[in-house]
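As the structure lists them, so they are numbered: ligands from 1, and atoms in each ligand from 1.
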Amino acid sequence: MDITPEHLVGLFPAPTPQDSKYTRGVVGLITGTQEYPGAGILSASAAASCGAGYVRYSGPPEARMALLMNHPEIVLSARPGQRIDAWVVGSGFPGLFRTETSEDKDRGADVISILSSLDDMDSFAVVDAGALEAFAVADFEARNCARCVITPHQGEVERLLHLLGDELPAHYPQQNRTATALYLAQKLGCTVVFKGARTVVAGADGTMFTCPEATHWLATAGSGDVLAGIMGAMIALNAAKLQDKPEMLSQVAAAAVCVHSLAAGMVSEDIYSMHEWLHSHESDDFDDDEDDFEDSDEDAEFSKQISELRRLMGIPEIPDKTDASVSLGQGSEDIPESSDAEASDMPDGELTEGHQIILMDLIRALPHAMLILRYTGDDIMDTLNPQNPDEFGQFGGVGGYPGFPFRFGGPLQ
Ligand SMILES: NC(=O)C1=CN([C@@H]2O[C@H](COP(=O)(O)OP(=O)(O)OC[C@H]3O[C@@H](n4cnc5c(N)ncnc54)[C@H](OP(=O)(O)O)[C@@H]3O)[C@@H](O)[C@H]2O)[C@@H](O)CC1
Ligand SMILES: Nc1ncnc2c1ncn2[C@@H]1O[C@H](COP(=O)(O)OP(=O)(O)O)[C@@H](O)[C@H]1O
């Protein structure tokens, strides 16, 4: 099935008086090596910026130093046996056993130890890049795989299938990425995020999610490392729910893919597909039940938060929450007038109350994800903001997409 905006609802719970840094999700990362320290910085920054309550990191000295400078809230130790809700392992590892320094080799061994004890520790893991090799290690016990999300790109899928001793299907890969993801998920008993322009997510139970096609500006080194960190944070934030409903793991993974690509769309201002995605799914469930929106302190607080977040992000205010709907792209003087020919191609969406809830969750998630993409920054931003705006895709451009309510800018400008 296609992942819809509704699948994101509730995955970014706001902190409550009962919360502590531990209940907000503890992420542990073993990412980055001497050769690829940047992968450690990207993934750990992503986890810290994406709302996790506590981030612990183990990686090479260069990455530790950079993280300390930019994210002093990150604790520089992550070891087997620690109480971690979601691990992110392997980004920046050329292979678990092919790293150069003895420190990196020790951390490769830690990864195996961690993946072998996920059940005992009630933890989940995002297994990226070099750590995918763990699935080919004979003594790595399959009983833990249900707690793993693996995030291979096409080259890694091929390598993993090879390590598992499988022949590639004749029609592989382009024609049947979905079937390949499902095959791997069922063979390994884990969730598979098969990355690409249109990422597909398969759960071991046969659940499939197809994510909207992401902006192609994501095709740049390091963007997968950012995704791993976002995913780790989202799994940690929802760890309590996942303990009760482990079958939601594939949904949370797919939601992380969406947040990553929506944020990339906003940062690159290639937001046409995002607009289309947000408004291609009506949320009738919410509209049917007026009681959902009865006046209460909670609703008032909810509306206040929406207003504040809208203000921060430069999203125009909705004049009246009880108003039936507000036409997107025409509701505020703050929105630049459409002037380009493409503007007439924009779907004329309606912002219903159901959409407000969805937007609320997106609004919570996106500033963080955008911050990561900006911070990760000089490389990615150079790619995303080339000197010559004419080089942007059809719907991109330095001015953003006219008429779209999310404006480039806000506090991150
Ligand atoms: N600044 C940092 O710290 C960075 C750290 N990084 C981190 O380090 C890890 C190693 O990264 P990496 O770039 O060395 O190797 P990796 O992506 O595994 O490719 C290996 C081979 O696989 C193939 N292949 C790759 N992609 C493919 C595709 N889509 N479709 C098809 N084939 C594809 C291709 O083989 P070829 O086709 O050329 O034979 C390629 O030579 C990486 O996973 C990441 O976590 C990176 O993010 C970079 C920035
Ligand atoms: N052409 C593309 N269009 C949209 N998204 C892409 C495209 N190419 C790659 N991506 C996305 O960018 C990320 C790249 O991750 P990955 O291949 O692991 O690169 P890296 O290892 O350099 O971080 C993935 O999330 C993938 O879905």
Side-chain angles (χ1 to χ4, degrees), residues 3 29-46 59-60 62-63 66-67 88-96 98-100 104 108 111 126-133 149-163 168 172-174 177 180-181 192-201 209-232 253-265 267-268 270-274 277 369 372-373 375-380 382-384 393 395-396:
I3 190 156
L29 300 102
I30 300 191
T31 52
T33 52
Q34 186 195 44
E35 197 181 351
Y36 296 96
I41 301 168
L42 294 171
S43 54
S45 305
E62 296 81 356
L67 282 170
V88 178
V89 294
S91 313
F93 277 69
L96 270 185
R98 283 180 281 132
T99 45
E100 285 172 9
D104 286 342
V111 168
V126 177
V127 184
D128 191 29
L132 293 166
E133 281 184 1
V149 180
I150 66 172
T151 56
H153 56 54
Q154 187 179 309
E156 288 160 344
V157 163
E158 290 172 14
R159 191 167 135 71
L160 186 54
L161 285 169
H162 177 73
L163 286 173
L168 291 177
Y172 178 83
Q174 292 301 351
R177 289 165 49 80
T180 305
V192 175
V193 174
F194 189 167
K195 292 182 292 194
R198 190 182 289 280
T199 294
V200 293
V201 178
F209 289 107
T210 307
C211 302
E213 188 168 79
T215 172
H216 308 311
W217 291 106
L218 268 180
T220 181
S223 57
D225 307 324
V226 172
L227 173 65
I230 292 176
M231 201 174 285
V257 173
C258 289
V259 168
H260 181 235
S261 69
L262 291 173
V267 173
S268 66
D270 183 7
I271 54 181
Y272 180 76
S273 60
M274 176 179 170
W277 184 66
I372 301 155
L373 286 162
Y375 165 74
T376 59
D378 287 338
D379 282 354
I380 293 180
D382 283 348
T383 315
L384 297 179
F395 298 109

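Contact analysis puts Gly92 in contact with ligand 1, with a non-hydrogen atom separation below 4.0 angstrom. Within the structure, the closest approach of Gly224 to ligand 1 does not fall below 4.0 Å when heavy atoms are considered. Contact between His260 and ligand 2 is present, with at least one heavy atom of the residue lying under 4.0 Å from the ligand. For the ligand labelled ligand 2, residue Thr151 lies outside the 4.0 Å heavy-atom shell.
Using a 4.0 Å cut-off to heavy atoms of Gly155, the atoms of ligand 1 that qualify are 24 (N), 27 (C), 28 (C), 30 (N), 31 (C), 32 (N), 33 (C). Of all atoms in ligand 1, listed by their number and element, those nearer than 4.0 Å to a heavy atom of Gly38 are 3 (O). Of all atoms in ligand 1, numbered sequentially from 1 with element shown, those under 4.0 Å from a heavy atom of Ala221 are 48 (C), 49 (C). Residue Ser91 has at least one heavy-atom neighbour below 4.0 Å for each of these atoms of ligand 1: 45 (O).
Of the listed residues (Ala219, Ser91, Ala228), the one carrying the non-hydrogen atom nearest atom 9 (C) of ligand 2 is Ala219. Between the choices Ala256, Pro152, Ser223, the shortest heavy-atom distance to atom 14 (C) of ligand 2 belongs to Ser223. The heavy atom nearest to atom 30 (N) of ligand 1, considering only Gln154, Lys195, Glu62, Arg159, is found in Gln154.
Using modelled atom types, one finds no donor on one side chain facing an acceptor on the other under 3.5 Å when comparing Asp225 with Ser43.
When only interatomic distances are considered, the shortest N/O to N/O separation between Phe93 and ligand 1 does not fall below 3.5 Å. By the 3.5 Å distance cut-off applied to N or O atoms, Ala197 is not counted among the residues near ligand 2. For ligand 1, the polar-atom distance check against Gly222 finds a nitrogen or oxygen pair separated by under 3.5 Å. Distances between N or O atoms of Asp225 and those of ligand 1 include at least one value under 3.5 Å.
Contacts between Glu156 and ligand 1, counted as non-hydrogen atom pairs separated by less than 4.0 Å, involve the side chain only. Residue Thr215 touches ligand 2 through its backbone alone, judged by heavy-atom distances below 4.0 Å. Heavy atoms from both the backbone and the side chain of Leu218 come within less than 4.0 Å of ligand 2.
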Q: Given side chain to side chain contact (heavy atoms under 4.5 Å, CB included), test His153 with Glu156 step by step and report yes or no.
A: CA-CA 5 Å; His153 56 54; Glu156 288 160 344; 3.3 Å; yes
Q: Decide side chain to side chain donor-acceptor pair (under 3.5 Å) for Asp104 and Thr33; before the verdict, give the C-alpha distance in whole Å, the side-chain angles of both, and the deciding distance to 0.1 Å.
A: CA-CA 6 Å; Asp104 286 342; Thr33 52; 4.6 Å; no
